[in-house]
Structure formats: structure tokens, C-alpha cells
Amino acid sequence: MDVTQDRAHRAWRIAERIRRLSDRIVGVGPIGLGLDGVLAWVPGAGTVYSVGAAGLLIHEAIQAGASKGTLIRMGAYLAADSASSTIWLVGSLVDTLFPGHLMAARALQKDIEKRFGKAEMPKTGLGLRRTADPDVVDLPQTEWQVRR
């Protein structure tokens, strides 16, 4: 299957959104918390979310033509993350602290970057643009520039 740069970059952006939503909505240094960690404490909901997000990541990896090594690495991260959410108390704690979706998404992104270069996140509805640093947002100059 021939993969275009546009399709690969689309997979990169979807992986970025899943990465942030699952494991980095709130981040303090190297530790982050996302929907995966929060839903891990709701019996059944954590497993459903974890498996669904994992399935979407694997689907995007296949569509982007990821290497077998990348797919195996992603599968291992996602299997460990999803399996831990099936055990309520201890598994919920492990699932909260283990960023499996983040690690799998990053593996896919590195695979895509190696073959097609880095993709950029689109501007948000507020006219803001994400930079390479997820904690920094660039304001378009026309939005904040003093008018004379």
C-alpha cells in the first residue's frame, strides 16, 4: 500500500490528539494525567476507553504504513495499558501512572517522522497554533499586535 505524506501526517495528528487526551490533559513535569487514568477508576469504563483508543491507534498505524517493529512495540504498550485496567484497584493505579497510549502514539509519530517528516497540528478554533512544545501556544501576530 502506497501511503501519501498527507495520509501519514493525518495519522500523526490523530496520534497526537489521542496521546494528549489519554495521558496528557494535565501535565506536571514528566507526569501527566488524562482520560485513560481518570476512567481507570470507573469499573468497565477504563477498559472500554483504553481498548477503543488502542484500536484507533493501531488502525492509524496500519493506514500510515508503520513498520512491523513499530506495530509490535505499539501493541506491547497498548496491551499492557489495556490489560492493567481490567483489575480494579491495583490495575487502576497502574493504568493511571503508565502512559501506554502516549508511548504507543509517540512510537507511531517517530516512525512517520522518519519517513515523511514531522507534521504540524492545525490551528485551533481560537486562532492559536501549537508549537513543538506542547505547553507553548503561538498567538498570530495580527491578534495581539497593537494597532495604530
Side-chain angles (χ1 to χ4, degrees), residues 1-140:
M1 167 171 65
D2 289 333
V3 178
T4 65
Q5 182 178 21
D6 287 341
R7 181 60 184 100
H9 283 181
R10 177 176 171 231
W12 189 98
R13 288 188 293 275
I14 289 170
E16 180 67 14
R17 287 184 185 111
I18 293 170
R19 180 179 78 86
R20 289 180 186 173
L21 186 63
S22 293
D23 295 314
R24 272 315 257 193
I25 290 177
V26 177
V28 178
I31 299 172
L33 183 63
L35 277 181
D36 189 38
V38 171
L39 290 176
W41 296 95
V42 179
T47 303
V48 169
Y49 175 82
S50 190
V51 170
L56 186 55
L57 276 171
I58 294 294
H59 171 76
E60 289 302 320
I62 292 168
Q63 294 300 309
S67 70
K68 287 181 184 179
T70 298
L71 287 169
I72 291 169
R73 188 169 50 247
M74 289 176 66
Y77 295 146
L78 295 169
D81 192 271
S82 297
S84 67
S85 65
T86 60
I87 306 166
W88 184 70
L89 189 59
V90 175
S92 298
L93 182 61
V94 169
D95 199 14
T96 301
L97 299 175
F98 180 67
H101 292 95
L102 182 145
M103 295 165 68
R106 198 63 202 120
L108 173 58
Q109 289 174 321
K110 285 181 180 179
D111 184 281
I112 292 168
E113 289 170 8
K114 188 185 325 179
R115 293 178 295 127
F116 296 100
K118 187 172 180 177
E120 289 190 26
M121 292 299 289
K123 291 184 178 186
T124 66
L126 300 173
L128 306 176
R129 184 176 67 80
R130 288 273 180 196
T131 63
D133 183 355
D135 298 325
V136 176
V137 176
D138 280 343
L139 292 172

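Along the sequence shown, the residues carry numbers beginning at 1. Remember, predicted model here, so these are calculated numbers, not experimental data.
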Under the salt bridge (charged side-chain N to carboxylate O under 4.0 Å, His left out) definition, can you give me all pairs with a residue in [range], not counting sequence neighbours?
range          : answer
residues 41-63 : Arg7-Glu60
residues 64-77 : none
residues 89-98 : none
residues 80-90 : none

To the nearest 0.5 Å, what is the distance between [atom1] ([X]) and [atom2] ([Y])?
X      : Y      : atom1 : atom2 : answer
Gln5   : Arg115 : CD    : CZ    : 11.0 Å
Ile112 : Gln109 : CD1   : CD    : 7.0 Å
Lys114 : Lys110 : NZ    : NZ    : 10.0 Å
Leu93  : Ser84  : CG    : OG    : 9.5 Å

What residues form a side chain to side chain donor-acceptor pair (under 3.5 Å) with [X], not counting sequence neighbours?
X     : value
Tyr77 : none
Ser67 : Thr70, Asp111
Thr96 : Trp41

Which atom of [X] lies closest to which atom of [Y], heavy atoms considered:
X      : Y      : answer
His9   : Phe116 : NE2-O, 3.4 Å
Ala54  : Ser82  : CB-OG, 4.3 Å
Glu120 : Arg13  : O-CD, 3.3 Å
Ala15  : Leu108 : CB-CD2, 4.0 Å
Ala11  : Ala64  : CB-CB, 3.7 Å
Met74  : Ala104 : CG-O, 3.5 Å

Point to revise | Listed partners of Arg10 passing salt bridge (charged side-chain N to carboxylate O under 4.0 Å, His left out), at least two apart | key: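 Testing Arg10 for salt bridge (charged side-chain N to carboxylate O under 4.0 Å, His left out), a comparison that skips the adjacent residues, returns none.
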Pairs of donor and acceptor atoms involving the side chains of residues 27-35, under 3.5 Å and at least two apart or interchain, shall be tabulated with distances.
none

Can you list everything that forms a side-chain contact (heavy atoms from CB on, under 4.5 Å) with [X]? Sequence neighbours excluded, please.
X      : result
Ser22  : Ile18, Asp36, Tyr49, Ala53, His101
Ala80  : Phe98
Leu102 : Arg19, Asp23, Arg24, Pro99

